[in-house]
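Structure first, commentary second.
Lettering of chains follows the sequences in order, A, B, ..., and the numbering in each one begins at 1. Please read these numbers as outputs of a predicted model, since none were measured by experiment.
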2 protein chains.
Amino acid sequence: MPPTPPPEPALADARAPRLTHERIVAGALALIDEEGLAALTMRRLAERLGVQAASLYNHTRSKEKLLDAVANSVMEGVDTSGFDRLPWREALDRWAWSYYDALVAHPNLVPHLAVAFGRLPAALERAAQVFAGLRRAGWTPSRATRVAAAVRYAVYGAALGSFAGGFGDEAAKVPALHDVGQLRAQPARVDRAALRLLIDRFLDGLEAIAPAPE
Amino acid sequence: MPPTPPPEPALADARAPRLTHERIVAGALALIDEEGLAALTMRRLAERLGVQAASLYNHTRSKEKLLDAVANSVMEGVDTSGFDRLPWREALDRWAWSYYDALVAHPNLVPHLAVAFGRLPAALERAAQVFAGLRRAGWTPSRATRVAAAVRYAVYGAALGSFAGGFGDEAAKVPALHDVGQLRAQPARVDRAALRLLIDRFLDGLEAIAPAPE
DNA sequence: GTCTATAGCTGGATAGAC
DNA sequence: GTCTATCCAGCTATAGAC
């Protein structure tokens with residue numbers, strides 16, 4: 001006889017778990033995106049998932065651990081594969097923009113991502129890959145550390161200090177800022193253009209001190 | 001008869017105001033520096049100042065306004081005077097380091113500084129001065145905006161994503177990161193060196209596209 | 001695994017006496 | 001201008017029934 005398949009209830013099984021770790025993490029991230037880091041409370045998260053707050057504690061030990069899991073899940077979206085197959089300049093460029101895309105999709109989480117960096121497995125794995133890639137390209141250990149940190153600073157700064165954060169009424173008193181074309185109309189475009197300038201000119205400057213190719 | 005001087009009590013006058021707006025702002029900043037942004041509560045701030053929490057409301061309208069006043073006071077320490085007297089490259093460099101020093105002295109406040117940027121008078125004034133200085137040096141409006149934003153990103157990123165924030169135990173699993181000389185021993189030095197690399201190489205790269213000097 | 005109920009805090013802000 | 005007293009809201013986390 002073939003093995004019996006698991007029972008497939010015609011209607012939703014009331015005893016089936018309504019919560020999983022993945023659903024909780026995804027719900028928390030959505031809540032943070034929509035209403036900010038302070039809006040993430042166990043009660044509000046439970047409400048969004050259609051359960052009571054106490055039920056969350058069957059899947060996550062504490063709010064603090066949950067928040068780190070959310071941060072780690074965002075970090076997993078950062079792509080460092082370029083360091084396995086591309087010259088260092090292209091690899092850095094791809095990594096930077098992948099990193100920026102991941103952060104800017106969740107701007108409210110950026111401050112926590114920066115603080116939690118040192119205890120997120122996904123972040124540390126990626127940092128090690130970047131460092132190893134730069135070493136293979138001939139950069140000295142201390143240069144490799146600085147180059148990777150510099151790119152990381154550019155990305156975090158752009159994601160955090162974004163013009164997309166908006167201006168208050170006081171900004172109207174500073175006319176110079178407002179006559180600058182697209183700043184008001186399309187702040188996200190200005191942010192990307194500024195980061196492109198920072199990264200491209202930085203990489204230009206790096207070429208002048210790069211290790212000789214093998 | 002000479003005008004009577006104001007009465008000078010031999011002992012501290014119990015009726016003299018013990019709180020001023022300045023003392024409150026300074027106390028709040030010290031509390032944030034010592035114990036983090038979350039530690040700033042009206043009760044704890046009052047305790048540090050030797051009064052009851054309710055008394056603070058005679059000098060500040062709300063905690064939110066107070067926090068912006070604290071942020072503005074930090075921004076007032078940023079020096080943009082170089083744009084009045086130095087070539088654009090030196091002016092940018094001085095501004096960047098003055099900005100970094102102001103932020104890194106209060107790392108716990110950096111996320112709030114970034115978010116509040118657009119409504120802080122001191123921040124907007126300085127942004128306008130930087131923009132005007134770059135315009136006078138011949139940069140087009142959109143280039144000037146991007147250059148100023150790029151430097152700002154570098155500074156915020158370095159202050160926020162600092163190695164000085166430390167690593168968790170998980171970092172021990174990534175040996176590559178630890179063999180990098182001074183990273184563990186003197187993280188603040190590594191941070192400064194990485195920011196120096198980012199700014200210097202970026203400015204190098206900018207020279208290649210700079211407007212011709214008059 | 002989810003529920004109800006609640007313990008045990010901590011917070012911002014206000015009213016009114018002095 | 002500072003005080004005491006207090007309101008009311010919100011939070012994390014746990015205990016124990018089902």
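Residues B:Val130 and B:Val147 are not in side-chain contact: their nearest non-hydrogen atoms beyond the backbone lie 4.5 Å or more apart. A:His59 places none of its side-chain heavy atoms less than 4.5 Å from the side chain of A:Val25.
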| task | For B:Arg48 and B:Glu34, run salt bridge (Lys or Arg N to Asp or Glu O under 4.0 Å): C-alpha distance rounded to whole Å, both residues' side-chain angles, the deciding distance at 0.1 Å, then the answer. | result | CA-CA 12 Å; B:Arg48 161 184 276 267; B:Glu34 290 165 19; 2.5 Å; yes

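Residue B:Ser55 has a polar side-chain atom (N or O) positioned under 4.0 Å from OP1 or OP2 of D:dC3.
Protein atom CD of A:Glu47 is 11 Å distant from nucleotide atom P of D:dG10, rounded to whole Å. In this structure, CG of B:Leu49 is placed 16 Å from C1' of D:dC3, rounded to the nearest angstrom. In this structure, the CG atom of A:Leu45 is 13 Å from the C1' atom of D:dT12, given to the nearest Å. Put simply, CG on B:Leu40 is 14 Å from C1' on C:dT10, counting in whole angstrom units. The CD atom of A:Gln52 sits 5 Å away from the P atom of C:dT4 (whole-angstrom rounding).
Taking every side-chain heavy atom of B:Thr41 into account, C:dG12 is the closest of D:dC11, C:dG12, C:dC3.
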Every protein N/O lying under 3.5 Å from an N/O of nucleotides 13-15 of chain D:
residue : atom : partner : partner atom : Å
D:dA13  : OP2  : A:Tyr57 : OH           : 2.9
D:dA13  : OP2  : A:Lys63 : N            : 3.0

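Using a 30° and 60° split on the angle between ring planes, A:Trp97 and A:Tyr100 fall in the perpendicular class, above 60°.
Qualifying side chain to side chain contact (heavy atoms under 4.5 Å, CB included) partners for A:Ala54, counting only residues two or more places apart in sequence or in other chains: none.
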Could you give the side-chain donor-acceptor pairs of residues 64-80 of chain B under 3.5 Å, partners two or more places apart or in another chain?
residue : atom : partner  : partner atom : Å
B:Asp68 : OD1  : B:His112 : NE2          : 3.0
B:Asp68 : OD1  : B:Arg119 : NH2          : 3.4
B:Asp68 : OD2  : B:Arg119 : NE           : 2.7
B:Asn72 : OD1  : B:Ala122 : N            : 2.9
B:Asn72 : ND2  : B:Glu76  : OE2          : 3.4
B:Ser73 : OG   : B:Val70  : O            : 2.7
B:Asp79 : OD1  : B:Ser81  : N            : 2.9
B:Asp79 : OD1  : B:Ser81  : OG           : 2.8
B:Asp79 : OD2  : B:Ser81  : OG           : 3.4
B:Thr80 : OG1  : B:Gln129 : OE1          : 2.3

